Amino acid sequence: MIDLRTLREDPDRLRASQRARGEDDSVVDTLLALDERRRSALTSFEAMRAEQKSMGKSVSKAQGEEKAALLQRAKELASQVKSAEAEAEKLAGELDEVLQTVPNIVEEAAPPGGEDDYVVLETHGEPRVFDFEPKDHLELGERLDAIDMERGAKVSGSRFFFLKGVGARLQLGLLNMAMQHAIERGFTPMITPVLVKPETMQGTGFHVAHDKEIYRLPDDDLYLVGTSEVSLAGYHAHEIIGGDELPLRYAGWSSCFRREAGSYGKDTRGIIRVHQFDKVEMFSYVRPEDAAAEHQRLLEYEKEMLAKIEVPYRIIDTAAGDLGMSAARKFDCEAWIPTQGRYRELTSTSNCTEFQARRLAVRYRDKDGKPQHLATLNGTLATTRWIVAILENHQQADGSVVVPAALRPYVGLDVLEPAK
RNA sequence: GGUGGUGUCGCCUAGUGGCCGAGGGCGCACGCCUCGAAAGCGUGUGAUGGGGCAACUCAUCCGUGGGUUCAAAUCCCACCACCACCGCCA
């Protein structure tokens, strides 16, 4: 959520941000007008309420006819107070409704534009030159008896799959390595709920009512998370955290669920785009002034993980229009996928500044003891999709796959051999 | 799933319609005292929003949301969480 006081003082900042995202900047004027009306309604309600309170005192002291007269006037005032309050609440509700739809203010350094306007910041490693025709990850996975899409579809439908044998071992090893990576860097490991209440989903920046990506359980008013970021953002909701406890760093392991509505026909083969996958996610709560540095830190940890699986990758600075609701800046690491001849997203790290914390009421005490909103950041350490990059980049002519050295202790195998 | 109980300021607690504009204790902060400390004594002690340059001031907040009333922590309804017991399942 945007800070209203900041908006009043510097509305042009939000206007510029909206334009960078390619979104409507007239919402600024809508907000300012509503805010003005809300404040004047609030002031008049408060004045009436103060009068009502003092009158209430006189009623209790008065006697006889005087009391009856006072009571009569108090009754009239009570109904006026009621409607003044209703008016103030109505306007507050309208303001909040608009406020809920306004995305975070983007960092000035973020590239303007849409999905294709990203800027490549770094490229690491060179795409491997094969002296044989490389197989795609699904063919490799099937030969290894590691990935079973057909039975996934039989049991659950399209975009579901089984990881089996070395496939299951590969994922467990990868995610365990990610967890260990995080623990060594001071993160607290967490296994999080995957079903959350609407306010948690909403607070993290997803629209419970409109978002087509969210799986819903309407009978229970619960929602399946698309990432443990949601649960970890909600973890400290409505808390005031002592300044000496900061920064708080968590590494969440969870299954993630995405409906992938509107992506029909995209990435239909294999496990690139699926309805359910597993992920280890970093999540930090820091003081707002430390957020940019924390963002670089999370990106650094992602780079270290990518180095461990030894795949070529690049880092992109996501354009403003592709940031999503909560992020002010986002860096993606994309790995080279040989059979696609292009880079695909393996990690994503977002600086959400105070946006999520304001919605979820996560605060800390500053030096003066005043509660202030924290900044939240998240970043990927490993996901099921990494298996695609590992299989394709480390395959050999016979269909076997060399396990990257750092991963071997976690997988317990040096080479994955095709099943007979 | 059922029955009963509980939910008040960081913690414990008082509070059964107007004296609650929430009292007390603990903790914490500051001051007095002391060579220093403890004890003792005194003062202060939350959040949100509005107004004000500010000191300050007004409103809201007693699990959450509704309702009754001139007036609600207090009465009524629903929900949530926790505890106990019963049932069911593993």
Side-chain angles (χ1 to χ4, degrees), chain A residues 1-11 31-100 102 192-193 195-203 208-209 217-223 231 234-246 248 285 288 354-374:
Chain A
M1 206 188 322
I2 298 299
D3 181 29
L4 263 182
R5 274 184 228 182
T6 310
L7 180 73
R8 280 179 213 143
E9 284 162 22
D10 187 7
L31 283 172
L32 290 173
L34 263 175
D35 179 47
E36 193 63 47
R37 291 174 58 203
R38 176 196 128 252
R39 279 188 292 164
S40 85
L42 187 63
T43 303
S44 74
F45 156 68
E46 284 179 354
M48 284 178 164
R49 176 68 178 147
E51 196 187 339
Q52 184 190 29
K53 280 170 78 168
S54 69
M55 188 173 280
K57 300 260 157 22
S58 335
V59 169
S60 65
K61 284 177 197 132
Q63 294 291 329
E65 274 180 37
E66 192 193 355
K67 184 157 188 168
L70 275 172
L71 216 60
Q72 184 54 38
R73 277 203 290 150
K75 264 182 195 172
E76 285 161 19
L77 189 56
S79 75
Q80 284 172 26
V81 167
K82 209 168 201 176
S83 68
E85 184 175 27
E87 177 67 9
E89 275 176 5
K90 194 190 108 205
L91 286 166
E94 282 174 26
L95 177 63
D96 188 61
E97 208 169 292
V98 178
L99 214 48
Q100 288 285 330
V102 178
T192 66
L195 283 168
V196 298
K197 296 181 182 179
E199 57 263 37
T200 307
M201 192 57 97
Q202 197 79 20
V208 164
L217 279 75
D219 285 355
D220 302 280
D221 202 16
L222 287 172
Y223 302 81
S231 311
Y235 187 67
H236 287 298
H238 302 289
E239 293 182 20
I240 300 175
I241 293 158
D244 53 347
E245 291 176 65
L246 296 171
L248 287 169
Y285 293 88
E354 297 105 292
F355 188 84
Q356 292 176 330
R358 195 167 285 119
R359 289 178 155 220
L360 290 163
V362 188
R363 293 172 293 169
Y364 74 104
R365 285 194 193 279
D366 67 14
K367 287 187 199 75
D368 303 324
K370 287 270 162 274
Q372 306 282 356
H373 289 104
L374 282 163

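As the structure is a prediction and not an experimental result, all values here were calculated from the model. Letters A, B, ... mirror the listed sequences (proteins, then strands); counts begin at 1.
Rounded to whole Å, the P atom of B:C53 lies 35 Å from the corresponding atom of B:A71. Only the P atoms considered, B:A90 is 47 Å distant from B:G15, to the nearest whole Å. One P atom belongs to B:G63, the other to B:U8, and the distance between them is 6 Å to the nearest Å. A distance of about 25 Å separates the P atoms of B:G5 and B:C11, rounded to the whole Å. Using atom P as the reference point in both B:A73 and B:G7, the two lie 16 Å apart (nearest Å). If you take atom P in B:G4 and the same atom in B:A78, they sit 12 Å apart, rounded to whole Å. Annotation: B:G31 and B:G36 have their P atoms spaced 13 Å apart (nearest Å). For B:G24 and B:C9, the P atoms lie 15 Å apart once the distance is rounded to whole Å.
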Could you list the protein-to-nucleotides 76-78 of chain B atom pairs, N/O on both sides, closer than 3.5 Å?
none

Check the interface with nucleotides 59-63 of chain B: list each N/O to N/O pair with the protein under 3.5 Å, or write none.
unit_1	atom_1	unit_2	atom_2	d
B:U60	OP1	A:Arg49	NE	2.3
B:U60	OP1	A:Arg49	NH2	3.1
B:U60	OP2	A:Lys53	NZ	2.8

Could you list the protein-to-nucleotides 44-48 of chain B atom pairs, N/O on both sides, closer than 3.5 Å?
unit_1	atom_1	unit_2	atom_2	d
B:A47	O3'	A:Arg363	NH1	2.8
B:U48	OP1	A:Arg363	NH1	2.7

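Residues passing the side-chain hydrogen bond (donor to acceptor under 3.5 Å, both in side chains) test with A:Arg365, sequence neighbours excluded: none. Applying the side-chain contact (heavy atoms from CB on, under 4.5 Å) criterion to A:Thr43, with sequence neighbours excluded, gives no partner residue. For A:Arg37, there are no salt bridge (Lys or Arg N to Asp or Glu O under 4.0 Å) partners, not counting sequence neighbours. Taking A:Tyr223 as the reference, A:Asp221 meet the side-chain hydrogen bond (donor to acceptor under 3.5 Å, both in side chains) condition, with sequence neighbours excluded. With sequence neighbours excluded, no residue satisfies side-chain hydrogen bond (donor to acceptor under 3.5 Å, both in side chains) with A:Asp96. Evaluation of the salt bridge (Lys or Arg N to Asp or Glu O under 4.0 Å) rule for A:Glu36 yields A:Arg39 as partners, not counting sequence neighbours.
In this entry B:C11 has B:G25 as its Watson-Crick or G-U wobble partner, both defining distances falling under 3.5 Å. Checking B:C61 for Watson-Crick or G-U wobble geometry (two distances, each under 3.5 Å) identifies B:G46 as its partner. A 3.5 Å limit on both hydrogen-bonding distances identifies B:G67 as the Watson-Crick or G-U partner of B:C75. Using the Watson-Crick or G-U wobble rule with both distances under 3.5 Å, B:G36 pairs with nothing in any strand shown. In this structure, B:U16 forms no base pair with any nucleotide, since neither Watson-Crick nor G-U wobble geometry is met with both distances under 3.5 Å. The base-pairing partner of B:C41, taking Watson-Crick or G-U wobble contacts with both distances under 3.5 Å, is B:G31.
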Would you be so kind as to tabulate the donor-acceptor pairs closer than 3.5 Å made by side chains of residues 356-363 of chain A, with sequence neighbours excluded?
unit_1	atom_1	unit_2	atom_2	d
A:Gln356	OE1	A:Thr376	OG1	2.6
A:Gln356	NE2	A:Thr204	O	3.0
A:Gln356	NE2	A:Glu229	OE2	2.8
A:Arg358	NH1	A:Met1	O	2.8
A:Arg359	NH1	A:Gln202	O	2.4
A:Arg359	NH2	A:Gln100	O	2.7
A:Arg359	NH2	A:Gln100	OE1	3.3

Scan the side chains in residues 234-241 of chain A for donor-acceptor partners under 3.5 Å anywhere in the protein, sequence neighbours excluded, and list what turns up.
unit_1	atom_1	unit_2	atom_2	d
A:His236	ND1	A:Glu239	OE1	2.7
A:His236	NE2	A:Tyr250	OH	2.6

Counting only pairs under 3.5 Å, give me each side-chain donor-acceptor contact of residues 77-90 of chain A, with atom names and distances, residues two or more places apart or in other chains.
unit_1	atom_1	unit_2	atom_2	d
A:Ser79	OG	A:Glu76	O	3.0
A:Ser83	OG	A:Gln80	O	3.1

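Distances shown here put a side-chain N or O of A:Lys82 below 4.0 Å from the OP1 or OP2 atom of B:U68.
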*Carefully, step by step, assess A:Leu246 and A:Leu374 under the rule side-chain contact (heavy atoms from CB on, under 4.5 Å).*
CA-CA 10 Å; A:Leu246 296 171; A:Leu374 282 163; 3.6 Å; yes
*Can A:Arg38 and A:Leu4 be said to form a side-chain contact (heavy atoms from CB on, under 4.5 Å), step by step?*
CA-CA 12 Å; A:Arg38 176 196 128 252; A:Leu4 263 182; 4.2 Å; yes
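Rounding to whole angstrom units, NE2 of residue A:His238 and C1' of B:C9 are separated by 19 Å. The interatomic distance linking A:Arg37 (CZ) with B:G49 (P) rounds to 21 Å, in whole Å. Nucleotide B:C80 holds its P atom 11 Å from the CG atom of A:Asp220, rounded to whole Å. Rounded to an integer number of Å, the gap from CZ of A:Arg8 to C1' of B:G49 is 9 Å. For the pair A:Gln80 CD and B:A71 P, the computed distance is 13 Å after rounding to whole Å.
A:Thr200 is not listed as a side-chain neighbour of A:Ser231, based on a closest heavy-atom distance of 4.5 Å or more. Under the 4.5 Å side-chain criterion, counting only non-hydrogen atoms from C-beta, A:Asp35 is not in contact with A:Leu7.
Residue A:Arg358 is classed as having no contact, given no heavy-atom separation below 4.0 Å to the nucleic acid.
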